[in-house]
There are 2 protein chains.
Amino acid sequence: MGLTRERIVDAAYAVLDEQGLSGLSMRRVAQDLDVRPGALYYHVANKQELLAEVAARILDGMPVAADARRGACDLRDALRRVRDGAEVVSFVLAFRPEGLAPSRAFPGLFADRLPAREARWAARTLVHYVLGAVAEEQNRTELVRTGIVADEPGRADEADEAFGFGLDAVLHGLGRG
Amino acid sequence: MGLTRERIVDAAYAVLDEQGLSGLSMRRVAQDLDVRPGALYYHVANKQELLAEVAARILDGMPVAADARRGACDLRDALRRVRDGAEVVSFVLAFRPEGLAPSRAFPGLFADRLPAREARWAARTLVHYVLGAVAEEQNRTELVRTGIVADEPGRADEADEAFGFGLDAVLHGLGRG
DNA sequence: ACCTGAACACCGTTCAAGT
DNA sequence: ACCTGAACACCGTTCAAGT
């Protein structure tokens with residue numbers, strides 16, 4: 001069965017969901033595809049490029065939001081769908097600014113009342129907030145999973161409430177409250 | 001010369017500032033201290049613990065802020081003082097929540113007008129914003145340094161302006177604008 | 001064109017043995 | 001108590017050689 005870029009991204013995504021970002025190695029992906037590590041490099045330049053592809057897939061199903069609040073909630077949902085989703089997207093955003101869906105779509109959600117560069121800043125503020133909040137949530141989940149920290153009852157509910165609180169504040173401050 | 005936990009943290013901090021987070025390995029720290037890697041583990045449990053110590057040092061000089069705006073600006077200054085400072089602190093915040101200075105001090109800056117748990121959420125919102133903004137800034141610097149992306153004139157000024165814009169929004173939304 | 005085999009230059013961590 | 005020597009189980013990446 002021929003190796004393709006797409007099959008590699010599929011396998012990487014599966015490893016991410018099962019093992020988390022720390023378990024996502026090129027060697028592990030290769031092993032799952034019954035192939036030697038070197039073979040991957042015929043289809044993908046390096047691990048960064050593969051991670052960028054995985055990040056794009058995480059954000060792929062995001063609907064086109066009608067307003068900033070929906071956009072933020074859709075982003076949160078997309079990130080939460082896979083283990084360590086926020087961490088992966090943050091990492092890719094670091095070396096591929098403007099490469100991912102929200103960086104392109106979110107400024108438009110502020111363009112009606114803000115000049116272009118301020119709309120970009122507003123979009124970044126919102127994205128930073130969502131990524132930070134979801135990353136904290138998922139890292140907590142990771143710590144619970146490893147047993148380093150005990151699970152608390154109502155943790156998920158509090159996370160939702162806390163996210164809502166911060167989102168309301170950020171949106172209000174950006175003129176959408 | 002006897003190895004101590006403090007000398008190890010010093011060396012790690014120096015490596016971070018010179019090589020960035022990606023260059024900060026236990027082996028590199030050991031080499032700079034003229035010692036075998038295994039020796040470090042007599043004074044430090046593992047790399048995570050060492051990174052936590054480095055993060056604490058990054059935030060060490062932070063003054064006690066009178067209000068949320070000053071706190072945010074002080075945090076930004078502290079993070080910017082060392083290469084990849086935001087990334088290190090974010091990483092440590094992930095597995096040591098409540099372990100670092102801002103997590104302990106910032107809620108108090110909102111406690112006068114918000115109930116305790118909302119004050120905590122407000123503090124987290126603010127910290128997420130600052131960490132995200134500075135991380136983006138520093139990653140950009142890193143990309144420029146590597147030559148992957150060209151430096152633009154006025155980049156630093158725009159970063160300051162963008163930070164101010166987002167900070168104003170977040171603070172206003174949190175009732176401090 | 002596509003993949004293997006094998007290597008290179010690294011990692012974090014452990015642990016018997018030395019002093 | 002503190003450090004070395006040496007190993008274990010990994011990494012990402014490259015590249016001649018095979019098909």
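In this text the structure is predicted, and so the values were computed from the model without any measurement. Numbers restart at 1 for each chain; the letters A, B, ... are given by sequence-line order, proteins then strands.
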Query raised in the report: What is the base-pairing partner of C:dC3, counting Watson-Crick and G-U wobble geometry with both distances under 3.5 Å?
Result: none
Query - For atom CD of B:Q31 and atom P of C:dA9, their distance in whole Å - result: 15 Å
Requested in this report: Heavy atoms only: give me the nearest A:N46-A:Y41 pair and the separation to one decimal.
Outcome: CA-CE2, 4.0 Å
Requested in this report: Could you tell me whether A:R155 and A:E158 have a side-chain N and a carboxylate O separated by less than 4.0 Å?
Outcome: no
**Report entry** Nearest-Å distance for atom pair CD/C1', residues A:Q48 and D:dT13
**Finding:** 13 Å
Query raised in the report: In whole Å, what is the span from the OH atom of A:Y41 to the P atom of C:dC8?
Result: 18 Å
Query raised in the report: If you check every side-chain atom of A:R27, which of D:dC3, D:dC11, C:dG12 has the closest atom?
Result: D:dC11
Query - Test applied, side-chain hydrogen bond (donor to acceptor under 3.5 Å, both in side chains); reference residue, B:R83; option that passes from B:E18, B:Q19, B:E142 - result: B:E142
Report task. Write down the distance between CG (A:L33) and P (C:dC2), rounded to a whole number of angstrom. Result -> 16 Å
Report summary line: Here the distance between atom C1' of D:dC2 and atom CZ of B:R5, to the nearest Å, is 16 Å
**Report entry** Opposite nucleotide pairing with D:dA17, Watson-Crick or G-U, both atom distances under 3.5 Å
**Finding:** none
Query raised in the report: Rounded to the Å, how far apart are B:R28 CZ and D:dC11 P?
Result: 24 Å
Report task. Output the single nucleotide from C:dG12, D:dC11, C:dC3 whose closest atom is nearest the side chain of B:S25. Result -> C:dG12
**Report entry** Whether B:Q138 side chain and B:G85 backbone form a donor-acceptor pair below 3.5 Å
**Finding:** yes
Query raised in the report: Given the P atoms of D:dC10 and C:dA9, what is the spacing between them in whole Å?
Result: 22 Å
Requested in this report: Identify which nucleotide among C:dC3, D:dG5, C:dA7 has an atom closest to any side-chain atom of B:R36, counting heavy atoms from C-beta outward.
Outcome: D:dG5
Report summary line: Out of D:dC3, D:dT13, D:dG12, minimum distance to the side chain of A:N46 belongs to D:dT13
Query raised in the report: Of all the nucleotides listed (C:dT13, D:dG12, C:dT4), which has the minimum atom distance to the side chain of B:M26?
Result: C:dT13
Query raised in the report: Hey, is the side chain of B:H43 poking within less than 4.0 Å of OP1 or OP2 on D:dC3, counting only N and O atoms?
Result: yes
Query raised in the report: OP1, OP2 of C:dC3 versus side-chain N and O of A:Y42: anything below 4.0 Å?
Result: no
Query - First encountered from the 5' end of DNA chain D, between A:A39 and A:L24 - result: A:L24
Query - Counterpart base for C:dG12, defined by Watson-Crick or G-U wobble contacts under 3.5 Å - result: D:dC8
Report task. Could you give the distance separating C:dC11 and D:dC8 at their C1' atoms, to the nearest angstrom? Result -> 12 Å
Report task. Could you tell me whether B:R81 and B:D77 make a salt bridge, using a distance below 4.0 angstrom between a side-chain N and a carboxylate O? Result -> no
